[in-house]
Amino acid sequence: MLSILSVLLLCFGMGARAGNIVTIGTASGASGDEVTVSVSLANTDAVSSLQLSITMNEQLSFVDGSAVLGSRCTDHSVTAGVKDGALNIMVYSMGLAAISGNEGEVMSFRLKLGNQPTTVALTASKLILTDTDGNTVSGSTQNGSVSIRCAKAQYSSMTVDFGSVPIRSTYTRNVTVTNVGNEPLEVTGLQFSKYPTDFSSTTSFPFTVNAGSSASINITYAPQERGTINETVKVVCNSISKLNNISLKAQPFAVNELHVQPTSGIADEVVTVSMTMNNMDAISGFQFEFTLPAALTYIENSFQLSDRKQGHSVVQTLKDGVLRIIGYSSSDTPFTGNDGELAAMQFRLSGRNSVTLKASKVILTATINGQTENVCSADYGATVTIRSPRLSANSTLNMGATPVTQDAASSFVVRNYGNAPLTINRVTFNKEELYVKQELPLTIAANGNVTLNVVNPGIEEGDFSALMQIYSNDPEQRLWNVNITGNRFAPNYLSFTAPDIYTDEDLAVNVSMSNYDAINGLQFDVEYPSTYYEPTDELVTTARSAGLSVSQRSISANTVRYFFYSLSDAEISAGDGNVLTFKLQAKGDTPAGSYTLRITNVKLGTADMVNKYAGTNITSSFSVNNYALGDVNRDGNVDSGDVMAIYSSMAGNSNPETQSRSDVNSDGQVDSGDIMAIYSIMAGN
């Protein structure tokens, strides 16, 4: 019928164009409601029929037979039906009667609302209007809509897993509920299906969640017994969605733990390791296995139960580095209490590094429902801190060169870079005469040091070497080797004394010798300021060098060599004192200033032709001064001594140099006038 009518309408001729508007109405309701949607017409032409399609949605269902005509259609019929997802509507008059009036409802229909909160647009298309002559007239549509109003809950998780948790404690998890609907969500409570005493909530009910908002619901779990828990909690609310059941899971267990307690000690010492147990079950026995670190040596049979035992027995074995301990009760009597020390054992420490002691196997036995079970829930190891000394020192000691007339002594520093006291138990040498002055054993604090005074009192001349061995409690360096070197020599030395002189004086140099050995021959070279001085043959020996001959010869323009020798094995005996005075003659007046003599190539020979000189090259300094007028006796002062020197010159008892210096007033005579000149100088005139 609709098809025939459509063809009929399309066959009518085209009419005049005018403003004709078909409006689809709006409606809203709750899920499952039936709502009425109005179709209105505002027309300027005389419209006898209309035809259009409205796109449908899966949330909308057309109520069959619900299409009814409005009051404007008194001689019309209406037909409506759904095809291919669209609602097709036709209002027509077989007699081409006009729809009365120019504005208002033409027809209406009912829709049943779905279960999703949404607003569905009612979009009109395929509009056809005909006038009373059967001609098509132009028109337009205004779309409508239908709103489904409801609350809808959506949860952050549909499963809450509390996991493996100890009994006799409380655990809380939160679930977020979001209202994805368009009406307020009313949450009135929770319903637990199996374990209402273990599960609860502290959330205040009821509460409202506005559209687009969220709220939190907490779920508290307080397990009292071990087992596997599968629970369902229903959120009681007005959500359109029926998916309000949340799955709850848990694996509650009894807490029975073994703890190895930390301890610390010094290497080589024995420490006690305590083991504690906190238990919810009645533990009647245990089995432990420890793979021991190399730094821990088990003290045999040291494992001892605490006062928590009640007639329990212990079996302990150590094999291949594995310590096995079994504790049991022949009457299945549990240990007393629920917390505290269970046992203790002892170990000797070695090395310097801390180690972890943790059981590789732990069994705690209890009788549960008539069955013996391993109820250990966890075991924990601990650190055994090993404090130890750390010896640090040089591996060599050079004691240098020392004369045989005194002990060779050197300082040797031993440091302790560890965190425990270092004990030096003994120090040995591979040569008997060497020793250390300190009394042993000797303790060095952590990060401290001590100086050992190493002494070699031996009088054997020449290089020496020895091995010093230091024994200590350093766990990784029990023995510290030190290679000692040094030299012992006979103290045979020469010294030179050159006095300060005046510009016109000769230089007399005294040579002294300090000798440990008897010296049979002596040689040395003297470099002198040859511009002003030259050697003389004036060589004066002393009683120490009696019996030896002395001579000199020039070996360069500014160097003279002196040497002692004996053709009859005479010698200079061991001792100290002058052996020679030699003179350098002034070539003229030497400018005032400082001058040096350099003595090289020194040789002190013994009867077996060995050079026993122990010193090095020598530098001897002297000063040349301008003499003061009136200082006749050249003692550096103008005083009564100079007056007496003039009297001696007047009497003819002075040498020519003194005679010349006595003419103080330079009148060519030595007389009382020179004495008066001295007094004048003394008076500052």
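We count residues from 1, following the sequence as given.
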**Prompt:** Are there more than 12 heavy atoms of other residues, nucleotides or ligands under 6.0 Å from atom CZ of Arg390?
**Reply:** no
**Item:** Val106 side chain near Val47 side chain, heavy-atom distance below 4.5 Å
**Value:** no
**Prompt:** Sub-3.5 Å donor-acceptor pair from the side chain of Ser306 to the main-chain atoms of Glu341, do we have one?
**Reply:** yes
**Asked** Looking at Gly337 and Asn279, what are the two nearest heavy atoms and their distance?
**Response** O-ND2, 3.6 Å
**Asked** Does the side chain of Gln224 reach to within under 4.5 Å of the side chain of Ile167, using non-hydrogen atoms?
**Response** no
**Request:** Please name the pair of heavy atoms, one in Ser108 and one in Ser38, separated by the smallest distance, quoted to 0.1 Å.
**Result:** CB-CA, 4.1 Å
**Nearest atoms (heavy-atom pairs only) where Ile386 meets Ala295** = CD1-CB, 3.6 Å
**Atom pair OG/OH of Ser313 and Tyr328 - distance to nearest 0.5 Å** = 4.0 Å
**Request:** Calculate, to the nearest 0.5 Å, the distance between atoms CD1 and CD belonging to Ile326 and Gln287 respectively.
**Result:** 4.5 Å
**Message:** Within a 6.0 Å radius of atom CD on Glu103, are there more than 12 heavy atoms belonging to other residues, nucleotides or ligands?
**Reply:** no
**Sub-4.5 Å side-chain heavy-atom contact between Phe205 and Thr188** = no
**Request:** State whether the side chain of Asn210 and the backbone N or O of Pro184 hold a donor-acceptor pair below 3.5 Å, judged by distance alone.
**Result:** no
**Item:** Side-chain donor or acceptor of Asp320 paired with backbone N/O of Val322 under 3.5 Å
**Value:** no
**Prompt:** Can any side-chain N or O of Arg149 pair as donor or acceptor with the backbone N or O of Asn182 at less than 3.5 Å?
**Reply:** yes
**Message:** Donor-acceptor pair, distance only, cut-off 3.5 Å: does the side chain of Asp133 make one with the backbone of Asn135?
**Reply:** no
**Asked** Can a donor-acceptor pair be found between the side chains of Gln310 and Thr336 at a distance below 3.5 Å?
**Response** no
**Asked** Tell me the side chain to side chain donor-acceptor pair (under 3.5 Å) pairs involving residues 293-302, sequence neighbours left out?
**Response** Tyr298-Gln316
**Item:** Distance in Å, Lys358 NZ paired with Phe290 CZ, rounded so as to fall on 0.5 Å steps
**Value:** 9.0 Å
**Fill in**
Looking only at heavy atoms, the pair that brings Asp379 and Ala359 closest together is OD2-O, 3.7 Å
**Request:** Check whether any side-chain heavy atom of Ile219 sits under 4.5 Å from a side-chain heavy atom of Phe162, and report yes or no.
**Result:** yes
**Request:** Kindly write out the residues that satisfy side chain to side chain donor-acceptor pair (under 3.5 Å) with Ser331, not counting sequence neighbours, or none if the list is empty.
**Result:** Ser329, Thr333
**Message:** Test of understanding: with side chain to side chain donor-acceptor pair (under 3.5 Å), list the residues that count as partners of Ser264, not counting sequence neighbours.
**Reply:** none
**Item:** Tyr417 OH to Arg352 CZ distance, which is reported to the nearest 0.5 Å
**Value:** 13.0 Å
**Message:** Just verifying a value: how many Å separate Ser66 OG and Met107 CE, rounded to the nearest 0.5 Å?
**Reply:** 7.5 Å
**Message:** side-chain contact (heavy atoms from CB on, under 4.5 Å) for Phe207 and Val209? Distances and angles first, verdict last.
**Reply:** CA-CA 7 Å; Phe207 62 85; Val209 183; 3.6 Å; yes
**Message:** Counting neighbours of CZ on Phe192 that are heavy atoms of other residues, nucleotides or ligands and sit closer than 6.0 Å, is the number greater than 12?
**Reply:** yes
**Request:** Look at the side chain of His76 and the backbone N and O of Ala97, then say whether any donor-acceptor pair between them is shorter than 3.5 Å.
**Result:** yes
**Prompt:** Are the side chains of Asn244 and Ser239 in touch, meaning some heavy atoms are under 4.5 Å apart?
**Reply:** yes
**Request:** Could you tell me the separation between the CG atom of Asn278 and the NE2 atom of His259, rounded to the nearest 0.5 Å?
**Result:** 4.0 Å
**Complete:** Residues at least two apart in sequence or cross-chain that pass side chain to side chain donor-acceptor pair (under 3.5 Å) with Glu186, listed by chain then number, are Thr208
**Asked** Are Val39 and Phe109 side-chain neighbours, meaning at least one heavy-atom pair lies under 4.5 Å?
**Response** yes
**Within 6.0 Å of NZ in Lys309, more than 12 heavy atoms from elsewhere** = yes
**Prompt:** Side chain of Thr383, backbone of Thr385: donor and acceptor closer than 3.5 Å?
**Reply:** no
**Request:** Measure from the side-chain N and O atoms of Ser388 to the backbone N and O of Ala267, and report whether any donor-acceptor pair falls under 3.5 Å.
**Result:** no
I'd like a table of donor-acceptor pairs (distance under 3.5 Å, sequence neighbours excluded) in which one partner is a side-chain atom from residues 360-369, with atom names and distances.
| residue | atom | partner | partner atom | Å |
| --- | --- | --- | --- | --- |
| Ser360 | OG | Glu289 | O | 3.2 |
| Thr365 | OG1 | Gly285 | N | 3.2 |
| Thr365 | OG1 | Gly285 | O | 3.1 |
| Thr367 | OG1 | Asp332 | OD2 | 2.9 |

**Message:** Less than 4.5 Å apart, side chain to side chain, heavy atoms only: is that true for Leu111 and Met56?
**Reply:** yes
**Message:** Parallel, tilted or perpendicular, judged at 30° and 60°: which one describes the rings of Tyr221 and Phe199?
**Reply:** parallel
**Item:** Test side-chain contact (heavy atoms from CB on, under 4.5 Å) applied to Val235 and Val177, step by step
**Value:** CA-CA 10 Å; Val235 181; Val177 56; 5.8 Å; no
**Message:** Quick one, Asn256 with Ser377, criterion side chain to side chain donor-acceptor pair (under 3.5 Å). Give me CA distance, side-chain angles, the key distance, then yes/no.
**Reply:** CA-CA 5 Å; Asn256 301 293; Ser377 59; 5.4 Å; no
**Message:** Walk me through whether Ser193 and Glu231 qualify under side-chain contact (heavy atoms from CB on, under 4.5 Å).
**Reply:** CA-CA 7 Å; Ser193 61; Glu231 170 67 296; 2.5 Å; yes
**Prompt:** Do any N or O atoms from the side chain of Arg348 and from the backbone of Asp268 form a donor-acceptor pair under 3.5 angstrom?
**Reply:** yes
**Request:** Using side-chain contact (heavy atoms from CB on, under 4.5 Å) as the criterion, point out the one residue from Asn20, Ile128, Leu50 that pairs with Val137.
**Result:** Asn20
**Asked** So which heavy atom on Leu296 is nearest to which on Phe347, and how close?
**Response** CB-CD2, 3.9 Å
**Asked** Mind checking whether Val355 and Leu357 have side chains closer than 4.5 Å, heavy atoms only?
**Response** no
**Request:** Please name the pair of heavy atoms, one in Thr356 and one in Pro293, separated by the smallest distance, quoted to 0.1 Å.
**Result:** O-CG, 3.7 Å
**Message:** Run Asn218 and Thr172 through side chain to side chain donor-acceptor pair (under 3.5 Å) and show every step you take.
**Reply:** CA-CA 7 Å; Asn218 72 59; Thr172 300; 5.6 Å; no
**Message:** Ring-plane angle category for Phe286 and Phe288, please: parallel below 30°, perpendicular beyond 60°, tilted otherwise.
**Reply:** parallel
Considering only distance and modelled atom types, tabulate donor-acceptor pairs under 3.5 Å from the side chains of residues 113-126, sequence neighbours left out.
| residue | atom | partner | partner atom | Å |
| --- | --- | --- | --- | --- |
| Gln116 | OE1 | Lys152 | NZ | 2.8 |
| Thr119 | OG1 | Ser147 | OG | 2.9 |

**Prompt:** Between Cys73 and Val91, does a side-chain contact (heavy atoms from CB on, under 4.5 Å) hold up when you go through it step by step?
**Reply:** CA-CA 9 Å; Cys73 300; Val91 176; 4.1 Å; yes
**Message:** Would the distance check show the side chain of Asn102 and the main-chain N or O of Asn43 forming a donor-acceptor pair, the cut-off being under 3.5 Å?
**Reply:** yes
